[in-house]
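Atoms within a ligand are numbered from 1 in the order they appear, just like the ligands themselves. Values reported hereafter were calculated over all heavy atoms of this structure, with side chains retained and with hydrogens, waters and symmetry mates removed.
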Amino acid sequence: MDSSPNNCINCEEMDLSSGNASLVLADPVAINQSRLGFHLSVFTRLIPKKKGGKVDDVRSNGWLDAMQSSSPPRKRVVKDVASDDSDLVYFSWKLKYPSALKSFDHIINCAHNKKIVIFLDYDGTLSPIVDDPNRAFMSFDMRSAVKSVAKYFPTAIISGRSCDKVYELVGLTELFYAGSHGIDIMFPAKDTMSINHTNYIQSIDKQGKDVNLFQPAREFIPMINEVFRTLVEVTKDIRGALVENHKFCTSVHYRNVDEKNWPIIAQRVYDVLKDYPRLRLTHGRKVLEVRPVIDWDKGKAVKFLLQSLGLSNSDDVLPIYIGDDRTDEDAFTVLREGKHGYGILVSSVPKESKALLSLRDTLEVKDFLKSLVSWKEQMIK
Ligand SMILES: O=P(O)(O)OC[C@H]1O[C@H](O[C@H]2O[C@H](CO)[C@@H](O)[C@H](O)[C@H]2O)[C@H](O)[C@@H](O)[C@@H]1O
């Protein structure tokens, strides 16, 4: 087996997303320790020790490699013509992940007599990636495209952000929302809950409407609040660091941190997590995501939403999931393994993915959503 640090992170991702039927993983401590890289003694022999040993852990466990490879700079390719080697690489990558726009006829052929269900990630999919997470707004056109799509197809947003925050950013009441990477699910109460789950509760949203909540990690709220406060404290002297509290997970952003300080921010997060064996770390786009060690992810959220809406029969339903991030891979995997619908990766650079198709950027996402609406409107004329 290739034992590069990056590979090890991927192996751990797979371990967590597979198998176990119960929500809480069998041995969270062991899993978290292996996530944190305690078993990778082979690398510590290869990597020279730094004086004081302060950043050795994150060098040896692959966090730094993962941070360096996260969110490569966007490349704007004008027209479908290769102008340099990287364009050629991109065009050959597109052979493996064809454009969802160019495959549109194929998608609607598959949708014949099926109900399309749309799942959308938020950051990098509906809003372009920007330096300040508090300013990641959707364009007016994108909001209108999402609103139109939701008029014809059940539509859910599945985000790493808190449910409340993503609802505030999107502002459409007709959607389903799943925050904190799918562990905070909110349905309008009028939509049938066809499955009975012990963690499902009735509540009222900020507008006073009845909603149904599915929050399998409620017991983690105090722990997340505590770790959030600690992370704010330990990163406060690192210029550009930003910590967000998403209720069921917390994010440490390093997009605006000088790269020479990445080992320091990573090591501090690592040191904090040593005291929290029931929390785990995943990597997003220039962000370290701290999440509960429960067997739940965006893929599980997709399955749960389909079941809840009575739409899990793959013969009658065509789910389409559009996302750009590593956490979206769990959802792409569910669709690919179930041979059920389409995962569509949003990327302007070549990336390995479990998605079947691709879109270059948020503008293409909007065009794709609009194409679905036009097609549906033609059908019902
Ligand atoms: O699942 P998502 O909806 O894609 O959310 C994932 C994370 O998105 C946000 O961070 C990312 O977008 C920011 C705004 O463009 C960008 O500044 C940051 O570097 C990206 O990582 C959000 O702030 C995170 O909390 C989410 O976990």
Part of Asp328 within contact of ligand 1 (heavy atoms, under 4.0 Å):
neither
Under 4.0 Å from ligand 1, counting heavy atoms only, is it the side chain of Ser159, its backbone, both or neither?
both
Do Phe220 and Phe248 have ring centres separated by under 6.0 Å?
no
Between Lys165 and Glu168, is there a salt bridge with N-O shorter than 4.0 Å?
yes
Can you check salt bridge (Lys or Arg N to Asp or Glu O under 4.0 Å) on Lys274 and Asp271, steps first, answer last?
CA-CA 5 Å; Lys274 278 186 202 164; Asp271 287 340; 3.4 Å; yes
From Arg135, Glu244, Arg326, Lys165 - option closest to atom 23 (O) of ligand 1 by heavy atom:
Glu244
How close does the nearest protein non-hydrogen atom get to atom 20 (C) of ligand 1, and which residue and atom is it?
Arg285 O, 3.2 Å
Write out the residue and atom name of the closest protein heavy atom to atom 4 (O) of ligand 1, then the distance separating them to 0.1 Å.
Asp121 OD1, 2.7 Å
Can the ring centres of Phe214 and Trp296 be said to be less than 6.0 Å apart?
yes
Considering both backbone and side-chain atoms of His253, is one of its nitrogen or oxygen atoms within less than 3.5 Å of a nitrogen or oxygen in ligand 1?
yes
Is Lys298 near ligand 1, meaning one of its heavy atoms is under 4.0 Å from it?
yes
Taking 4.0 angstrom as the limit and counting only heavy atoms of Val287, give me the atoms of ligand 1 inside it, by number and element.
21 (O)
Distance (rounded to the nearest 0.5 Å) between Leu359 CG and Asp367 CG:
9.0 Å
Lys236/Glu233 ion pair, N-O < 4.0 Å:
yes
Does this structure show an ion pair linking Asp316 with Lys115, if we count only N-O contacts that are shorter than 4.0 Å?
no
Between Asp325 and ligand 1, is there a nitrogen or oxygen pair with a distance under 3.5 Å?
no
Just by distance, with hydrogens left out, do Arg268 and Thr235 show a side-chain donor and acceptor under 3.5 Å apart?
no
Indicate whether any N or O donor in one side chain lies under 3.5 Å from an N or O acceptor in the other, for Gln202 and Asp210.
no
Under 4.0 Å from any heavy atom of Tyr122, which atoms of ligand 1 are there?
3 (O)
Looking only at protein heavy atoms, which one is nearest to atom 19 (O) of ligand 1, and what is the separation?
Arg255 NE, 2.5 Å
Would you say Lys114 has more than 12 foreign heavy atoms packed within less than 6.0 Å of its NZ?
yes
Any heavy atom of Cys249 closer to ligand 1 than 4.0 angstrom?
no
Heavy-atom contacts with Pro133 under 4.0 Å: which atoms of ligand 1 show up? List them by number with element.
14 (C), 17 (O), 23 (O)
Sub-3.5 Å N/O-N/O distance, Ser251 and ligand 1:
yes
Can an N or O of Gly160 be found at a distance shorter than 3.5 Å from an N or O of ligand 1?
yes
Which distance, rounded to the nearest 0.5 Å, do you find between the CD1 of Ile265 and the OH of Tyr254?
9.0 Å
Can you tell me the protein heavy atom closest to atom 14 (C) of ligand 1 and the distance?
Val130 O, 3.5 Å
Quick check for you: to the nearest 0.5 Å, what is the distance between Ile322 atom CD1 and Ile118 atom CD1?
6.0 Å
Please could you name the atoms of ligand 1 that Asp131 approaches to less than 4.0 Å, counting only its heavy atoms?
17 (O)
Among all protein heavy atoms in this structure, tell me which lies nearest to atom 8 (O) of ligand 1, with the distance rounded to 0.1 Å.
Asp123 OD2, 2.9 Å
Below 4.0 angstrom from a heavy atom of Glu289, which ligand 1 atoms are there? Numbered from 1 as shown, please.
27 (O)
Atom indices of ligand 1, in the order listed, that fall short of 4.0 Å to a heavy atom of Pro128:
15 (O)
